[in-house]
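To start, the structure under review is shown below, and the notes come after it.
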Amino acid sequence: MAYVETKPTAGRHFLQIPGPTNVPDRVLRAMDNPTMDHRGPEFGRFGKALLEKARTVFRTASHVVIYPASGTGAWEAALANTLSPGDRVLMCETGWFATLWREMAERLTLRPEFLAGDWRRGADPAQIETRLREDKERAIKAVCVVHNETSTGATSRIDEVRKAIDAAGHPALLLVDTISSLGSIDYRHDEWGVDVTVAGSQKGLMLPPGLSFNAVSAKALKASEDAKLPRSFWDWRAMLAANETGYFPYTPATNLLYGLDAAVDMLAEAGLDNVFARHDRHAEATRRAVRAWGLEIQCEEPRHYSSSLTAVRVPEGHSADALRATILERHNMSLGNGLGPLKDRVFRIGHLGDFGDLQLVGTLGGVEMGLRAAGVPHKPGGVQAAMEYLAGNA
Ligand SMILES: *Cc1c(COP(=O)(O)O)cnc(C)c1O
């Protein structure tokens, strides 16, 4: 039986995890077209135009490589194309996703150095600058930062990280994971001098899972010529050669590319800055609700508050997972779970992607009712606080 036919509850499911996000009908309709010959003439025209317009979302004039893979694949591609076995890389412990990326770097035989963090804020540019200044022999080949740490709801200031690298006069590449920020939070690949931007389809880009991206600077491309890590599927060279004429070296995820075409159009029509402002506004409304409930926001640094999700701590002695289970059971809404050491300690409200005011009010309503049903101590009035903010800031 098809998945949709097995749903027990009336009304639409609220998919409020911080990715995959709700896929807009226009994107679904775009994917609902016959799969075309990916070596035929029509595809070349489509592919060339799409690869060109995908650049706008990254704010880059440089190449964007698209893989039929989840974001994790694009992480590997960023490392494998630019680095060599034994290379030192500086990574920042912002949370669970930064930890997974570091583990991947180790498995790929790189030597990652992890700048310690407390999972309650973004990367610290001063810490990065200090470490790079100490690296007199320039052994560190890349600095890797997760722009929006989806496990904690903290957004690192990539502009400040760039300034820190420049202030240290260090030649390391800057690799940035924007999997849960691209298309949701202000991001500028070219202006911030990022060398490889890693992205995925299923979060701010409003697509189903299955596509991932590397935006590649000229400096990264140059580094890839000498990089010795083995790579085949992820190799930029075969990709970029085929992309010249709008094609791919192996079968692309054709129907997801139709969806990407529609999603990029939607972001352009809305205006990226307006899309970011909408996310900022929904995030602020959410934080007002959390404070009104008397609960604690996982991110402790207001300058690092994430606009794509909010991680909320449950009081000691209470279970975030039991709360999420209650909300799913009673109100047909999925919230994000706590990851790694935050398991059962936080729940995460995704407010990114194709998301409007009334969906936010519904989401917060589901949380407030769930807090009550699950017996989590809180004050009422969170939804009210959010509505007042939304109504006053149209
Ligand atoms: C979701 C996410 C990932 C993992 O992406 P997959 O598509 O699940 O492979 C990595 N980093 C961040 C910041 C994420 O939000």
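In listed order, ligands and their atoms are each counted from 1.
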| More than 12 heavy atoms of other groups within 6.0 Å of Glu103 CD | yes

If you count the atoms of ligand 1 from 1 in the order shown, which ones are under 4.0 Å from a heavy atom of [X]?
{"X": "Lys203", "value": "1 (C), 2 (C), 3 (C), 14 (C), 15 (O)"}
{"X": "Val146", "value": "13 (C)"}
{"X": "Ser70", "value": "6 (P), 7 (O), 9 (O)"}

| said: Could you see if Val89 belongs to whatever hydrophobic cluster contains Trp234? Use Ile, Leu, Val, Met, Phe, Trp, Tyr and a side-chain cutoff under 4.5 Å. | reply: yes

Basic-acidic side-chain contact under 4.0 Å: [X], [Y]:
{"X": "Lys53", "Y": "Asp265", "result": "yes"}
{"X": "Asp235", "Y": "Arg237", "result": "yes"}
{"X": "Arg288", "Y": "Glu284", "result": "yes"}
{"X": "Glu137", "Y": "Arg88", "result": "no"}

Would one find an N or O of [X], backbone or side chain, under 3.5 Å from an N or O of ligand 1?
{"X": "Asn148", "answer": "no"}
{"X": "Phe97", "answer": "no"}
{"X": "Trp75", "answer": "no"}

Who's the nearest protein heavy-atom neighbour of [atom], and how far?
{"atom": "atom 8 (O) of ligand 1", "value": "Gln202 NE2, 4.0 Å"}
{"atom": "atom 15 (O) of ligand 1", "value": "Thr150 OG1, 2.4 Å"}
{"atom": "atom 12 (C) of ligand 1", "value": "Asp177 OD2, 3.4 Å"}

Part of [X] with heavy atoms under 4.0 Å of ligand 1, whether side chain, backbone, both or neither:
{"X": "Leu100", "result": "neither"}
{"X": "Thr72", "result": "both"}
{"X": "His147", "result": "neither"}

| How about His13 and Ser334: do any of their side-chain heavy atoms sit closer than 4.5 Å? | yes

| message | Out of the candidates Asn255, Thr251, Thr254, only one should pair with Thr35 under the side chain to side chain donor-acceptor pair (under 3.5 Å) rule; please name it. | response | Asn255

